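Model, not experiment: these values are computed from the prediction.
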Amino acid sequence: MKKGIFIGIGIVLLLMAGLFSWLYEGKSDVQVTYLVPDDQTGCMSIHFNQADKEALVIVNDELIIEFPERGGLPTSSSADIILDLGWHSQKAFLIDDKGERIGEIDSGKIGEGSMSSTGFSSENARYSKSFDGRSSSCD
């Protein structure tokens, strides 16, 4: 009886160790920092695969995404720059018209991101995210 209990506990511990290992492996070291114009805290979107637009770049394990005043950010990067991150940490800051950070947006106001495209094409992929806490989805 005691031997069965120890075997059962051992199996549970091995399963838990495997689960924690799997969860940790799926987490990216990259932090995504969103810079949101102070008068545009609702839904923002990134439009991928836009010719002749600036690419998004990860520098020192940080991907900085600065939204323009109109709320839509065109980039020549593919959606993979977001999709390949997996689980990652994120922060969002309000910025003034000079691009200076004037305050951090509470993490509870940062909605879930959603990826969409027309006709299942990655050529017109769009990633949307809410920064106002009113909705978790922009669609």
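Residues P68 and G72 come closest through the heavy atom pair CG-O, 3.1 Å. Taking all atoms of both residues into account, the shortest heavy-atom contact from V57 to I81 is N-CD1, 4.3 Å. The two residues G108 and D106 come nearest to each other via the heavy atoms N-OD2, 2.7 Å.
Residues E69 and D39 have side chains in contact (heavy-atom distance under 4.5 Å, counting atoms from C-beta outward). In this structure, I110 and V36 have side chains that are not in contact, with every pair of non-hydrogen atoms separated by 4.5 Å or more. Contact of the K109 side chain with the F131 side chain is not registered, since no non-hydrogen atoms from C-beta on lie closer than 4.5 Å. Side-chain contact check for M115 versus L83: some heavy-atom pair is nearer than 4.5 Å. Residues Y34 and I105 fail the side-chain proximity criterion, which asks for heavy atoms closer than 4.5 Å. Inter-residue side-chain proximity for K91 and E104 is flagged as met; some heavy-atom pair is nearer than 4.5 Å.
Between the K129 side chain and the S45 main chain, no donor and acceptor come within less than 3.5 Å of each other. For D96 (side chain) and E100 (main-chain N/O), a donor-acceptor pair under 3.5 Å exists by modelled atom type. No side-chain donor-acceptor contact under 3.5 Å links S128 to the backbone of S114.
When hydrophobic clusters are built by joining Ile, Leu, Val, Met, Phe, Trp and Tyr residues whose side-chain heavy atoms come closer than 4.5 Å, directly or via intermediates, F67 is grouped together with I102.
Rounded to the nearest 0.5 Å, atoms NZ (K53) and OG (S77) are 13.0 Å apart. Residue L56 holds its CG atom at 7.5 Å from OG of S76, rounded to the nearest 0.5 Å. Rounding to the nearest 0.5 angstrom, the gap separating the CG atom in D38 from the CG atom in D97 is 7.5 Å. Rounded to the nearest 0.5 Å, atoms CD (E66) and CG (L73) are 9.0 Å apart. Here N60 contributes atom CG and D29 contributes atom CG; the two are 12.5 Å apart, rounded to the nearest 0.5 Å.
Taking T33 as the reference, Q31, E62 meet the side chain to side chain donor-acceptor pair (under 3.5 Å) condition, with sequence neighbours excluded. E54 pairs by the side chain to side chain donor-acceptor pair (under 3.5 Å) definition with nothing, not counting sequence neighbours.
Residue I64 shares its hydrophobic cluster (ILVMFWY side chains chained together at separations under 4.5 Å) with L35, F93, I95.
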